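Just passing along the structure, written as structure tokens.
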Amino acid sequence: METSIDPSFSNTSYETSAPVIRFDNVGMRYDQGPEVLRDLSFDLPRGSFQFLTGPSGAGKTSLLRLIYLAARPSSGRISFFGRDTATLSREELPHLRRRIGVVFQEFRLLNHLSVFDNAALPLRVAGKKRSDYAEDVAELLAWVGLGDKMKANPATLSGGEQQRVAIARAVVAQPEILIADEPTGNVDSEMAMRLLRLFVELNKLGTTIIFATHDLQLVRLLDAPVMSLAEGHVHIRAPRSQRQAEYQRAEDEAAAGHREAFEDIGRPPLDSPDGAERDE
Amino acid sequence: METSIDPSFSNTSYETSAPVIRFDNVGMRYDQGPEVLRDLSFDLPRGSFQFLTGPSGAGKTSLLRLIYLAARPSSGRISFFGRDTATLSREELPHLRRRIGVVFQEFRLLNHLSVFDNAALPLRVAGKKRSDYAEDVAELLAWVGLGDKMKANPATLSGGEQQRVAIARAVVAQPEILIADEPTGNVDSEMAMRLLRLFVELNKLGTTIIFATHDLQLVRLLDAPVMSLAEGHVHIRAPRSQRQAEYQRAEDEAAAGHREAFEDIGRPPLDSPDGAERDE
Amino acid sequence: MSEFEIPPPPKGGAGALLPPDAGRDRPLFIVAAILVFLACIAALGARGAWQQSQRWTEDLQTSLTVQVRPVEGGSASEDAQRAADIAAAMDGVANATARDRAHAERLIAPWLGTENIPDDLPLPLIVEIRLEPGIEAPLDALREAFDEAGINASVDDHSRWADAVRGAATRSQTLALALLALLAGAAAAVVAFASRASLAARVDVIDALHLCGAEDRYIAILFQRRFFMLGLKSGAVGAIIAVIVSLLVGTGSQAADASFFLPSWENNPFEFLLLAIAPLLAGATAALSARLAVITDLGRRW
Amino acid sequence: MSEFEIPPPPKGGAGALLPPDAGRDRPLFIVAAILVFLACIAALGARGAWQQSQRWTEDLQTSLTVQVRPVEGGSASEDAQRAADIAAAMDGVANATARDRAHAERLIAPWLGTENIPDDLPLPLIVEIRLEPGIEAPLDALREAFDEAGINASVDDHSRWADAVRGAATRSQTLALALLALLAGAAAAVVAFASRASLAARVDVIDALHLCGAEDRYIAILFQRRFFMLGLKSGAVGAIIAVIVSLLVGTGSQAADASFFLPSWENNPFEFLLLAIAPLLAGATAALSARLAVITDLGRRW
Ligand SMILES: Nc1ncnc2c1ncn2[C@@H]1O[C@H](COP(=O)(O)OP(=O)(O)OP(=O)(O)O)[C@@H](O)[C@H]1O
Ligand SMILES: Nc1ncnc2c1ncn2[C@@H]1O[C@H](COP(=O)(O)OP(=O)(O)OP(=O)(O)O)[C@@H](O)[C@H]1O
Ligand SMILES: [Mg+2]
Ligand SMILES: [Mg+2]
């Protein structure tokens with residue numbers, strides 16, 4: 001179990017500046033469904049790096065959807081840069097969205113555009129000239145390991161390659177807020193580290209980052225606060241440096257319980273050929 | 001680092017029966033592209049459980065596509081149950097495919113059908129009566145934690161929930177071969193273990209399983225052989241029980257190198273506001 | 001089975017395996033309805049022209065007109081009466097009527113006025129002969145008989161008029177049938193393209209079905225059924241609108257020449273057959289077109 | 001920038017942001033082309049009917065026929081010549097020609113035969129008057145002048161025929177214009193539905209663009225441009241086929257009554273205008289329809 005603190009992060013200030021995002025008693029439900037998120041209140045300071053974890057279906061993606069303005073809360077208030085989102089008009093949305101970069105869990109690449117054009121999309125939509133950004137985009141794609149796939153159709157890429165295009169697209173315009181929904185779910189751990197490094201660098205340049213992931217190994221690499229969602233509620237853990245002792249204890253317990261838990265799970269409902277082994 | 005052997009797997013015989021799948025010098029390329037897979041030769045014995053790993057873009061999905069008959073090799077020979085696939089006619093395909101279950105990396109659920117109908121699809125296509133399978137499908141969905149989402153539209157599920165529907169669909173007909181492409185990429189580690197348990201049970205009932213994953217923690221839970229793909233070539237590691245010593249050494253090295261590696265990665269190409277930190 | 005709530009079976013049975021694609025088929029529906037509507041109008045028009053020309057030519061074909069000119073020293077009205085008797089005695093003649101001098105005077109009144117005609121002007125008199133239907137006009141026999149009887153008569157079988165009417169009818173019918181063929185071709189092409197596009201748009205569904213072990217036949221039937229239903233429904237809508245329009249046109253007052261080209265609703269089996277067959281034909285065209293497109297496309301895989 | 005190969009800019013500039021959706025737009029293209037073709041045919045037909053009727057009624061309206069009957073003790077041919085002179089002297093009359101007795105005999109020959117007419121039969125003679133174009137026929141003035149001169153003449157302005165021709169023309173024109181309206185409405189409806197469906201089918205693209213900060217206007221323009229191009233292209237194809245068909249019909253031999261309803265290509269500005277305007281009109285309809293549909297749909301989000 002590695003618990004060491006990466007020294008490159010100690011100088012990042014997490015609590016100094018005004019919040020870029022503030023949630024006040026936010027609740028959210030889909031249509032007539034049950035409340036997915038309940039009564040969330042938190043601030044994300046400018047320039048912070050925030051992990052978001054929680055079991056599958058806990059509402060991580062839903063929370064991120066609120067932040068990237070793809071959904072509205074059913075109750076409570078969300079403010080961006082001090083501005084209440086409820087008062088936003090349709091016309092103001094695009095400009096706010098250009099300050100936010102998003103990596104979607106399902107990538108959402110445009111299969112009729114090349115990898116290069118996908119990555120360059122936010123710049124193009126913002127009206128930038130191709131000749132101005134071509135070099136930067138190419139360099140970024142090379143960094144995520146896609147230097148030789150720039151002309152490819154995203155549909156012909158492997159899962160991990162697609163994920164990296166999605167990441168390149170999200171960071172290319174160096175947004176003020178970067179929202180990443182499991183950005184490393186489809187890549188091996190070496191590439192995951194490489195990508196995390198990209199986020200860290202962006203964070204150092206001032207971008208507020210929210211990074212949803214199931215990969216606890218990755219979480220452990222950074223000394224950043226961790227929001228965990230469970231049953232609609234959020235719990236924010238301070239950065240590891242602030243809670244070294246308790247963390248160590250909890251993690252050790254979890255590791256010990258790991259194999260035990262696997263055996264305790266029980267038998268799934270499968271028909272055995274002879275029908276004898278089935279537990280009803 | 002846990003290295004213990006799960007006792008429940010020690011009685012599974014990996015090398016006893018005839019191969020269900022045999023690859024003979026198989027090569028594969030997409031259109032005019034470079035060879036993604038080169039000269040693969042291996043046997044998968046009946047009832048074996050095989051992990052498949054490799055870096056992103058190594059060709060895991062491509063190899064699986066060959067196995068689930070969605071693609072043809074550009075060279076070499078693949079046989080199923082002793083039958084050369086090159087001699088298969090279009091008419092024979094559906095019947096062979098019914099003996100194979102697949103979990104796709106991108107899920108491929110049908111969004112116009114309910115979760116229940118998605119999971120039941122292979123049974124329905126095979127002409128089974130709804131009343132005969134309704135109970136089994138519901139029980140299976142409950143096992144993967146979707147008992148209360150059976151009527152939902154897959155598009156409204158979280159990433160992890162969709163993945164579990166895909167798994168339910170793949171196993172529902174208890175196929176002879178089960179191919180899973182990163183079936184736990186979108187779920188938390190507890191759910192991943194639960195799902196692995198499902199595969200293990202299926203394997204015990206005689207299904208040959210090929211499980212592609214990046215999650216080395218999961219790989220470590222089972223004492224099963226591991227195929228790793230790199231640069232088009234495959235390397236098969238015997239089950240852990242057979243190579244305990246060397247494995248331990250390699251893993252320890254990897255763990256030690258983990259943090260070091262992260263720092264060694266270097267800086268991604270991002271413009272810093274003052275332009276000074278940029279390394280060209 | 002109590003703790004789980006199993007969802008009810010989907011409506012429409014196996015058809016539901018294809019996504020309903022709400023809006024996407026709507027333009028196709030409208031287009032198909034328009035094409036069927038126009039096709040029905042064209043068919044009714046062709047039918048109308050044919051019927052009208054049948055009616056007119058029948059009228060012309062079953063009547064003959066004989067002009068009896070007075071011969072030196074004879075009485076024109078006597079000759080006319082004799083001619084009528086000779087004609088009436090012939091096979092195939094239903095009746096023959098000799099018209100008097102007053103009738104002849106009325107005929108030339110537009111040219112000469114009524115007061116200007118001297119009583120001794122030797123006017124030719126008219127004998128009208130009506131034939132039994134379906135009989136070839138016995139022109140030669142009549143002429144011979146008149147010659148033998150010493151009557152100076154000329155026989156007119158209206159063939160000049162009948163030819164003109166028939167010609168016009170044939171032209172308008174050809175026009176309508178060409179339109180019909182154009183529309184049918186267009187409809188088939190549209191459905192073929194649409195089903196191919198629909199296949200391409202649902203390639204994910206097809207893939208999923210294939211990999212779940214579905215056969216090509218199984219998938220083709222899904223598409224075929226959907227497009228049959230689409231053709232049937234839009235065909236029914238188009239045909240019904242066509243009937244309504246033709247009823248409206250039929251009740252409006254109109255000159256004969258216009259009605260020659262307009263569809264009109266005649267309350268007879270042909271129209272009912274057309275109404276009944278149009279949607280089926282549209283459905284069958286759509287289904288066949290879809291099946292061919294799907295089977296061809298699927299055959300290219302693997 | 002040397003180590004990376006930057007892909008060339010996409011063809012078609014910003015338009016390429018929407019997927020080309022190869023097959024999916026093809027049925028729409030065909031349908032639009034068919035609709036434009038039929039609309040052009042209808043427009044050419046309406047135009048043809050109008051022109052034909054103009055030509056005929058002009059013919060009829062610029063000529064008068066006078067029947068001069070012999071009066072007791074006078075000479076018919078002298079009267080006819082006098083009538084022609086009187087008419088020729090009138091304002092608005094281009095020329096007046098008196099026809100002789102031989103001409104009158106030819107006119108009644110079908111009724112009386114040629115040998116039967118006694119030389120002393122008082123035949124009415126015809127005076128043909130041709131008016132200057134655009135002049136109201138001076139019927140009353142002519143009648144008065146003839147009365148004064150003691151000529152027994154009746155003047156016919158052909159109004160009965162002209163009315164019939166005009167009526168037929170109006171009917172066929174109305175028919176063609178109704179068809180035109182139907183087709184235009186159908187085309188607009190089809191495009192509206194299609195663009196809405198196309199929007200729904202590309203909701204992923206829209207979402208991605210939105211989340212990259214694209215404005216509604218930006219997206220609407222993408223759709224608008226695509227459907228304008230589609231309308232333009234299919235309109236051009238439809239119009240060109242219509243021209244070809246009308247040229248073919250125009251060269252074929254045909255009876256006057258059929259040509260009354262058939263489009264025919266007259267080498268004049270109206271036809272060129274129609275050819276030029278039809279694709280633009282189709283494009284504009286499509287673009288407007290698409291823009292409205294997209295803006296409405298997008299407005300419902302957020
Ligand atoms: N569009 C939707 N309509 C209705 N319910 C939805 C919708 N999207 C998500 N949900 C439900 O909301 C809950 C939270 O989903 P969410 O996607 O936020 O989970 P998550 O934390 O991202 O999970 P995962 O780790 O599996 O991606 C789930 O139970 C899901 O079924
Ligand atoms: N349809 C395709 N056409 C062309 N190239 C393809 C296609 N699919 C995959 N490739 C290429 O083949 C290589 C192997 O892809 P594959 O999807 O098999 O990798 P993978 O091992 O599954 O990676 P990941 O872990 O990221 O899913 C990649 O470089 C990819 O770009
Ligand atoms: Mg999620
Ligand atoms: Mg893959």
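The structure displayed is predicted, hence computed values, not measured ones. Residue numbers start from 1 in every chain, and the chains themselves are labelled A, B, ... in the order their sequence lines are given, proteins ahead of strands.
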Are B:I100 and C:L211 side-chain neighbours, meaning at least one heavy-atom pair lies under 4.5 Å? no

Which atom of C:C212 lies closest to which atom of B:V125, heavy atoms considered: O-CG1, 3.7 Å

Between C:D216, C:D207, C:L209, which has the largest tally of heavy atom pairs under 4.5 Å with chain B? C:D216

Counting only heavy atoms not in B:R83, do more than 12 fall under 6.0 Å of its CZ? yes

Go through the steps to decide whether C:E215 and B:R98 satisfy the test salt bridge (Lys or Arg N to Asp or Glu O under 4.0 Å), and finish with yes or no. CA-CA 11 Å; C:E215 286 143 2; B:R98 287 184 196 164; 3.7 Å; yes

B:Y68: what forms a ring-ring contact (aromatic ring centres under 6.0 Å, His included) with it, not counting sequence neighbours? B:F104

ring-ring contact (aromatic ring centres under 6.0 Å, His included) involving B:Y30 - partner list, sequence neighbours excluded: none

Would you mind checking which part of B:R169 comes under 4.5 Å of any heavy atom in chain C, side chain (CB onward), backbone (N, CA, C, O), both or neither? side chain

C:H210/B:L93 under side-chain contact (heavy atoms from CB on, under 4.5 Å): CA gap, chis, key distance, verdict: CA-CA 9 Å; C:H210 259 153; B:L93 274 186; over 6 Å; no

